[in-house]
Number of protein chains: 2
Amino acid sequence: MFQVPAKTQYAIRALAHLARSGGDSAARISSAQNISVKYLEGILNQLKLSGIVVSDRGRGGGYRLSRPASEILMIDIVAAMEGDLRPVECVDDSTVCSMEAFCMPRRFWLGLKDSVEGYLKSVNLGDLAEEPLVTFCGTGQKKEHDNV
Amino acid sequence: MFQVPAKTQYAIRALAHLARSGGDSAARISSAQNISVKYLEGILNQLKLSGIVVSDRGRGGGYRLSRPASEILMIDIVAAMEGDLRPVECVDDSTVCSMEAFCMPRRFWLGLKDSVEGYLKSVNLGDLAEEPLVTFCGTGQKKEHDNV
DNA sequence: CCATATTCCTACTATTCCCATAGGAATTTA
DNA sequence: TAAATTCCTATGGGAATAGTAGGAATATGG
């Protein structure tokens, strides 16, 4: 389990960029962060639907955070990109299995979920964005893009 | 991130079965746990290569745990099936990125990794196997198999 | 010694998910 | 009205996942 998808990593970098710049267009985020423009557009749109960013269309438009970076928890970002954390189906759908309460595997997975959620709630975007260095590190990118 | 693959869930169920039965053949584990026989064979072989189970070939053979269930940590099982935990590339390969020490995203992912590893080290197979009910729950299985 | 039960090995396939790419429509502003 | 921008939909290649299939190698019990 548990490779973080490129999409989520891009989202975090794009949001850190917005936190530091105060707002920017997809094209400029793309070239600053070395992420394919078209792919990034979809990511930003997804973040918008989740209420994490707001956008202005047309010339001079772009994206901004919808609230202070310190109020955006890392778990909000992960949830926006990937939906709720669910290591196995039955953790949030008890109808999958009739044994709910007494099922030890389920309790085990539930504990794992709690552990991860706890961590992701303990860090916010401001923590990441205030650092002097927010690099390309940790993207899983294999090659350079043209960002055209 | 972080759906647990069926393979890992099967491995855990198979091992819990072995812990409770004291040893069994792939065919019997398969029918008891409702896992496709041929697929299970591959899983058990992988667990053998990692030293978690031992096997006896030929008639009357089968698989057994290589050590007491209480000495098999859940992280051993996960590592056997999926390799080391690595949410993003750079967490264990600092050459991916030149910023290592000061890269905030990297520190963030590293913290997540520690959190998950800590949990997986805190639970052992005995904890799961000693429970009265170890069911099919949490497999992501969509349909029944024939287990022929 | 031989039928049978078992692990072990290799190759194949179907499906799903991931990571984009592509083209253009809609919108806003200078 | 041209340019910059978001927004929408469709397509495709590659990798991983989940499983199938067939049979070789090995050991045991009768």
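Numbered from 1 within each chain, the chains take letters A, B, ... in sequence-line order.
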Looking at [X], does any N or O in its side chain come under 4.0 Å of the phosphate oxygens OP1/OP2 on [N]?
X     : N      : answer
B/K38 : D/dA18 : no
B/Y10 : D/dG19 : yes
A/S55 : D/dC7  : yes
B/S36 : D/dT20 : yes
B/Y63 : C/dC8  : yes
B/K7  : D/dA16 : no

Any donor and acceptor pair, going by atom type alone, linking the side chain of [X] with main-chain N or O of [Y] inside 3.5 Å?
X     : Y      : value
B/T8  : B/V4   : no
B/S30 : B/I35  : yes
B/R64 : B/V54  : no
B/S70 : B/G126 : no

[X] [atom1] - [N] [atom2] separation (whole Å):
X     : N      : atom1 : atom2 : answer
B/N34 : D/dG19 : CG    : C1'   : 14 Å
B/N45 : D/dA25 : CG    : P     : 16 Å
B/Q46 : D/dG19 : CD    : P     : 14 Å
B/L47 : C/dC8  : CG    : P     : 12 Å
B/E41 : D/dG22 : CD    : P     : 14 Å
A/L49 : D/dT9  : CG    : C1'   : 15 Å
A/Y39 : D/dC7  : OH    : P     : 18 Å
A/Q3  : C/dC17 : CD    : P     : 17 Å

I'd like to know if B/R57 reaches the base of D/dA25 with its side chain such that a donor and an acceptor end up less than 3.5 angstrom apart.
yes
Picking from [options], which would you name as closest to the side chain of [X]?
X     : options                : result
B/R59 : D/dG29, C/dT29, D/dT5  : D/dG29
A/A26 : D/dT28, C/dC19, D/dT6  : D/dT6
A/A6  : C/dT21, C/dC19, D/dT28 : C/dC19

Report the residue (A/G60 or B/T8) whose heavy-atom-nearest nucleotide on DNA chain D is the more 5′ of the two.
A/G60
Hey, does B/G62 reach any base, or is it just sugar-phosphate, or nothing, if we go heavy atoms under 4.0 Å?
sugar-phosphate
Return the orientation label for the A/F2 and B/F2 ring planes: parallel under 30°, perpendicular over 60°, tilted otherwise.
tilted
